[in-house]
Engineer: 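Dropping a structure here in structure tokens format, bear with me for questions.
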Amino acid sequence: RRGLHWRQDLELRNVWGAGPRLEAQQAIHGFRETEKSRWSEASRAILQRVQAAAFGPGQTLLSPVHVLDLEPRGYIKPHVDSVKFCGAAIAGLSLLSPSVMRLVHTQEPGEWLELLLEPGSLYILRGSARYDFSHEILRDEESFFGERRVPRGRRISVICRSLPEGMGPGGPGQPPPAC
Ligand SMILES: O=C(O)CCC(=O)C(=O)O
Ligand SMILES: [Fe+2]
């Protein structure tokens with residue numbers, strides 16, 4: 001079955017330094033995930049709102065949609081989503097537990113910011129946030145938003161990505177040139 005390519009191909013080079021072995025490291029811990037293409041009418045309406053808010057006019061949603069279920073102890077290490085499998089925008093709906101997402105500039109580690117992802121909230125990574133910053137979800141022990149402790153429970157995210165550049169809505173054609 002086609003799918004979940006980005007899991008094997010998260011671009012970790014700017015985060016942990018260059019090296020093929022580092023790229024093989026897993027970015028996500030304590031999770032299960034799926035790709036879902038059949039949604040209820042109510043969910044489809046929400047996904048359409050997400051798409052309208054996050055994507056530009058020429059951007060098509062990568063289908064199916066990625067659903068990630070992180071257990072309370074689960075977390076996501078810093079990474080930049082692969083340009084091979086994800087286009088210019090990533091939009092994530094967070095459900096159940098609140099969590100903290102940290103963005104760190106890949107060239108200037110002193111440049112960072114944190115987002116409090118409340119259940120029901122939507123974040124959008126595009127432009128510089130998509131390409132120049134890594135993103136991560138903090139593990140429970142480190143889950144603070146400023147001074148505020150944000151205890152982690154089970155968190156489900158529904159992640160919409162735009163198609164990689166050079167891929168038509170009919171599915172993967174020629175892969176885009178490597179950057
Ligand atoms: O769970 C999220 O909101 C982000 C997941 C993520 O970064 C990824 O799957 O690449
Ligand atoms: Fe990601």
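Counting starts at 1 for both ligands and their atoms, following the listed order.
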Engineer: Under 4.0 Å from a heavy atom of Tyr123: which atoms of ligand 1 are those, numbered in the order shown and with their elements?
Structural biologist: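 Those atoms are 2 (C), 3 (O), 4 (C).
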Engineer: To which residues is Phe145 joined in a hydrophobic cluster, defined by side-chain heavy-atom contacts under 4.5 Å among Ile, Leu, Val, Met, Phe, Trp and Tyr, whether direct or through other members?
Structural biologist: Val100, Leu116, Leu138, Val150
Engineer: Can Ser157 be said to touch ligand 1, with heavy atoms closer than 4.0 Å?
Structural biologist: yes
Engineer: Can you figure out which of Lys77, His79, Arg155, His66 has its heavy atom closest to atom 6 (C) of ligand 1?
Structural biologist: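 The residue whose heavy atom sits nearest atom 6 (C) of ligand 1 is His79.
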Engineer: With a cut-off of 4.0 Å, which atoms of ligand 1 are near a heavy atom of Arg161?
Structural biologist: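 Atoms satisfying the 4.0 Å criterion: 8 (C), 9 (O), 10 (O).
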Engineer: By atom name, which N, O or S atom of His79 is the nearest to the Fe ion (ligand 2)?
Structural biologist: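 Minimum-distance N/O/S atom of His79 relative to the Fe ion (ligand 2) is NE2.
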Engineer: For the Fe ion (ligand 2), does an N/O/S atom of Cys86 lie at less than 2.8 Å?
Structural biologist: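 Cys86 does not place any N, O or S atom closer than 2.8 Å to the Fe ion (ligand 2).
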Engineer: Specify side chain, backbone, both or neither for Glu33, according to which of its non-hydrogen atoms lie closer than 4.0 Å to ligand 1.
Structural biologist: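 Near ligand 1, Glu33 shows nothing, with every heavy atom at 4.0 Å or more.
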Engineer: side-chain contact (heavy atoms from CB on, under 4.5 Å) for Arg102 and Val104? Distances and angles first, verdict last.
Structural biologist: CA-CA 7 Å; Arg102 182 189 288 151; Val104 182; 3.7 Å; yes
Engineer: Donor-acceptor pair, Ser82 side chain versus Lys84 backbone, under 3.5 Å?
Structural biologist: yes
Engineer: Tell me which N, O or S atom from Asp81 is the closest to the Fe ion (ligand 2).
Structural biologist: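 Atom name returned: OD1.
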Engineer: Can you check side chain to side chain donor-acceptor pair (under 3.5 Å) on Arg155 and Ser99, steps first, answer last?
Structural biologist: CA-CA 8 Å; Arg155 170 181 182 266; Ser99 62; 3.1 Å; yes
Engineer: Judged by atom type as modelled, is there a donor-acceptor pair below 3.5 Å linking the side chain of Ser121 to the main-chain atoms of Glu118?
Structural biologist: yes
Engineer: Side chain, backbone, both or neither: which part of Leu70 comes within less than 4.0 Å of ligand 1 when only heavy atoms are counted?
Structural biologist: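 The answer is neither; Leu70 stays 4.0 Å or more away.
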Engineer: What's the verdict on side chain to side chain donor-acceptor pair (under 3.5 Å) for Arg161 and His66, showing C-alpha distance, side-chain angles and the deciding distance?
Structural biologist: CA-CA 8 Å; Arg161 292 175 170 86; His66 182 198; 3.0 Å; yes
Engineer: Below a 4.0 angstrom heavy-atom separation, can you tell me which part of Ile137, side chain or backbone, both or neither, approaches ligand 1?
Structural biologist: neither
Engineer: Considering only residues two or more places apart or on different chains, which pairs with a residue in residues 89-115 satisfy ring-ring contact (aromatic ring centres under 6.0 Å, His included)?
Structural biologist: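 Every pair satisfying ring-ring contact (aromatic ring centres under 6.0 Å, His included) with a residue in residues 89-115: His105-Phe133.
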Engineer: At less than 4.0 angstrom from any non-hydrogen atom of Asp81, what atoms of ligand 1 do you find?
Structural biologist: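 Atoms satisfying the 4.0 Å criterion: 10 (O).
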